[in-house]
Amino acid sequence: MTQRLYIPGDAAAVAVGADQVAAALAPHAAAKGVAIVRNGSRGAHELETLVEIDAPQGRVGYGPIDVEDVATLAPVLFDAGPHPKRVGRPEELPFFKKQTRLTFARCGVIDPQSLDEYRAAGGMKGLEKAQSLQQAALIDQILQSGLRGRGGAGFPTAIKMKTTAEAKAPRKFVVCNADEGDSGTFADRMLMEGDPFLLIEGMAIAATAIGAYKGFVYIRSEYPHAIRAMQKAVETARKAGYLGDTFDIEIRVGAGAYVCGEETALLDSLEGKRGQVRPKPPLPAIQGLFGAPTLINNVLTLAALPFILTEGAAAYKDYGMGRSRGTMPIQLAGDIKNGGLFETAFGMSLGELVNDIGGGTQTGRPVRAVQVGGPLGAYFPPSYFDTPFDYEAFTAKDGLIGHGGIVVFNDTVNMARQARFAMEFCTVESCGKCTPCRIGSVRGRETIEKIMAGEDVEANLEILTDLCNTMKFGSLCALGGFIPYPVMSAVRHFPEDFRACARALEPVG
Amino acid sequence: MWWRGNQLSGHCRSLFAFNRRRLSGIRNPVTKTLTKWDPEIAAEIARRHAGKEGALLPLLHDLMHEFGCVPDAAVPIAAEALNLSRAEVHGVVSFYHDFRREPAGKHLVQLCRAEACQARGGDAAAARCEAALGVAFGETRADGQVTLEPIYCLGLCASGPAALLDGAPVARLKGERLERLLAEAQR
């Protein structure tokens with residue numbers, strides 16, 4: 001077999017120069033008769049660009065490689081020789097060794113655009129199994145696995161499927177929510193770029209379960225690489241006969257509206273309208289896209305289905321804790337030493353993730369706060385680091401795990417500014433349909449500004465608390481309803497930042 | 001949104017005549033020359049989408065791809081092709097951040113301003129961008145050289161600060177790397 005050289009084509013690698021590295025290594029590879037594969041990212045973003053070469057002992061990695069390193073790397077690379085940036089076999093690195101990769105098993109390993117490699121690595125077996133089962137038995141398998149929606153709400157996937165499957169209608173849809181707008185999250189993007197056929201297989205399984213004839217993947221426009229990867233993969237799957245008459249997939253592109261990550265706003269956007277939130281009921285499972293019963297799920301939820309079908313529900317359910325079963329691709333971001341994608345069973349503590357896996361801050365400064373679950377997630381202080389990564393445990397502490405993003409802030413962060421940012425973000429991204437979110441966020445920002453200026457601090461904090469309550473219980477969707485989480489958690493855990501006099505006395509980082 | 005709409009001043013309109021690089025690189029990773037506004041071409045693009053369900057966003061993306069913006073003159077063309085009212089099309093164009101009414105500058109810098117990049121020195125990078133490019137966020141420089149915009153998350157959250165330069169992702173924007181981006185944007 002031809003020796004292969006792997007240079008990630010993932011956006012996280014391309015953004016730090018992977019294309020230039022690939023171009024510089026291309027003539028050296030050609031001279032040696034080595035084929036270059038643009039694989040996905042394995043997910044250790046500090047190591048990007050992580051270049052890997054086939055060697056007798058397995059793949060050997062070098063990283064982070066810049067184009068300036070190519071001159072010294074090229075002479076030793078093809079024999080996997082010594083180099084200051086040689087990291088050895090990636091699988092042996094602690095960051096990867098400690099993971100349980102069920103969903104991301106192939107990501108960064110195979111050529112993401114090769115359907116043959118996907119099949120050789122066990123792909124499409126889940127779909128074959130699904131097609132051999134009766135609809136009810138198939139949904140039961142998913143129910144047994146305990147899979148819950150990975151988009152943030154954590155709703156049991158099988159219940160959604162059952163409702164959609166039982167709805168009587170001439171046509172039904174599967175919609176994949178790939179509008180991954182939460183800051184600190186990139187798992188959907190990595191998966192679509194690094195293993196697109198897995199999502200296609202997952203959607204085809206979901207379509208089999210509910211009897212859908214068409215699926216849409218709604219990808220945000222900020223992810224141009226993922227859009228291209230999915231478009232190419234869908235084309236390939238169609239040619240190979242996996243998509244076509246009975247079930248086909250269309251890729252649709254968002255247009256920069258955060259709120260379209262909310263499922264009903266996404267459906268409106270797919271219909272060609274303003275991405276405004278719909279009141280529920282009716283549930284999308286009964287009346288969704290174009291009025292038809294629609295199963296709408298996050299990328300990671302659908303991508304978990306092939307494993308469940310291939311290995312069985314019990315194999316998936318064995319991982320996790322409490323009512324959070326299986327694995328969660330956790331994303332470590334912000335000021336963190338070993339940032340990237342870390343897939344593990346539910347239950348690992350927040351502190352383990354940030355300090356042991358993440359290695360603490362990259363700057364070396366102490367951790368002051370972590371925001372879990374994106375812009376709508378709560379800020380936790382290090383005293384909460386014993387919280388296990390689990391839906392219920394986070395809810396009990398007035399937080400949420402959302403889409404699994406953890407953003408680490410060091411001691412220079414001003415939490416009043418972060419609270420102000422949350423409100424400001426909500427003013428920019430509110431769809432405008434409901435008053436608590438549309439107007440509440442503007443008043444919230446103004447009130448926080450008054451507090452920051454030292455104006456009637458205590459009275460204004462009371463107003464802010466009251467306003468957050470109104471937004472939490474009065475908003476139509478999670479945007480206005482969850483913005484109080486980051487705001488109030490900042491007020492609760494970091495009160496000193498909201499009191500100007502106290503802040504003036506603090507050393508400035 | 002607050003910094004959008006018709007705030008971009010009239011000088012942008014005159015930039016129609018210049019060749020500009022493609023903005024968001026969705027369909028074509030390499031640079032594409034934008035077409036000068038032409039209602040016939042716009043109508044042809046719109047017709048390709050007639051009869052499809054939920055076709056308005058794909059149609060508007062195609063107009064963006066061709067002309068670099070969705071000018072007001074495109075609204076009735078899209079409305080007619082899809083059998084919608086002008087108000088409906090206007091409502092959609094003005095709702096989404098991506099659909100600009102007038103083209104961006106020669107270069108488009110979209111710097112991520114979301115939390116993960118903030119935690120990695122995003123504020124400093126933002127201040128440096130404004131100072132070095134001589135333009136505030138949400139604006140195009142008077143000479144049409146560069147447009148600076150905030151963007152919220154590119155999924156490069158462990159390698160921030162991150163940005164899109166003319167649709168191509170760039171990360172670890174500190175020191176030398178940030179200066180290189182700024183030089184590129186002024187070329």
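Numbers restart at 1 for each chain; the letters A, B, ... are given by sequence-line order, proteins then strands.
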Could you tell me the separation between the [atom1] atom of [X] and the [atom2] atom of [Y], rounded to the nearest 0.5 Å?
X	Y	atom1	atom2	answer
B:Glu53	A:Glu250	CD	CD	10.0 Å
B:Glu115	A:Tyr379	CD	OH	5.0 Å
A:Glu222	B:Gln110	CD	CD	8.0 Å

Over all heavy atoms of both residues, which pair between [X] and [Y] is shortest? Give the atoms and the distance, please.
X	Y	result
A:Thr185	B:Cys153	O-SG, 4.2 Å
B:Gly155	A:Arg189	O-NH2, 2.9 Å
A:Phe186	B:Ala158	CE2-N, 4.3 Å
A:Arg274	B:Gly91	NH1-O, 2.7 Å
A:Phe421	B:Ala114	CZ-CA, 4.1 Å
A:Gly254	B:Asp98	O-OD2, 3.9 Å

I want to check something: taking the side chain as every heavy atom from C-beta on, are [X] and [Y] in contact at a cut-off of under 4.5 Å?
X	Y	answer
B:Cys157	A:Gln331	no
B:Tyr152	A:Glu429	yes
B:Phe95	A:Cys431	yes
A:Ser269	B:Leu57	yes

For the interface with chain B, which of [options] has the highest count of heavy-atom pairs at distances below 4.5 Å?
options	answer
A:Ala12, A:Cys260, A:Ser183	A:Ser183
A:Val16, A:Thr363, A:Asp335	A:Val16
A:Met190, A:Gln276, A:Glu180, A:Glu48	A:Glu48
A:Val407, A:Asp188, A:Val413	A:Val407
A:Ala255, A:Gly340, A:Gly272	A:Ala255

Is chain B contacted by the side chain of [X], its backbone, both, or neither, given a heavy-atom distance below 4.5 Å?
X	answer
A:Asp182	backbone
A:Gln371	side chain
A:Val259	side chain

With a 6.0 Å cut-off (strictly less than), is the heavy-atom count around [atom1] of [X], excluding the residue itself, greater than 12?
X	atom1	value
A:Arg438	CZ	yes
A:Lys337	NZ	no
B:Arg86	CZ	no
A:Glu446	CD	yes

Are a donor atom and an acceptor atom from the side chains of A:Gln418 and B:Gln118 found within less than 3.5 Å of each other?
yes
Select one option (side chain, backbone, both, neither) describing which atoms of [X] are under 4.5 Å from chain A's heavy atoms.
X	answer
B:Glu88	neither
B:Arg177	side chain
B:Ile151	side chain

Heavy-atom pairs under 4.5 Å with chain A are the metric here; pick the option from B:Leu82, B:Val92, B:Leu60 that has the most.
B:Val92
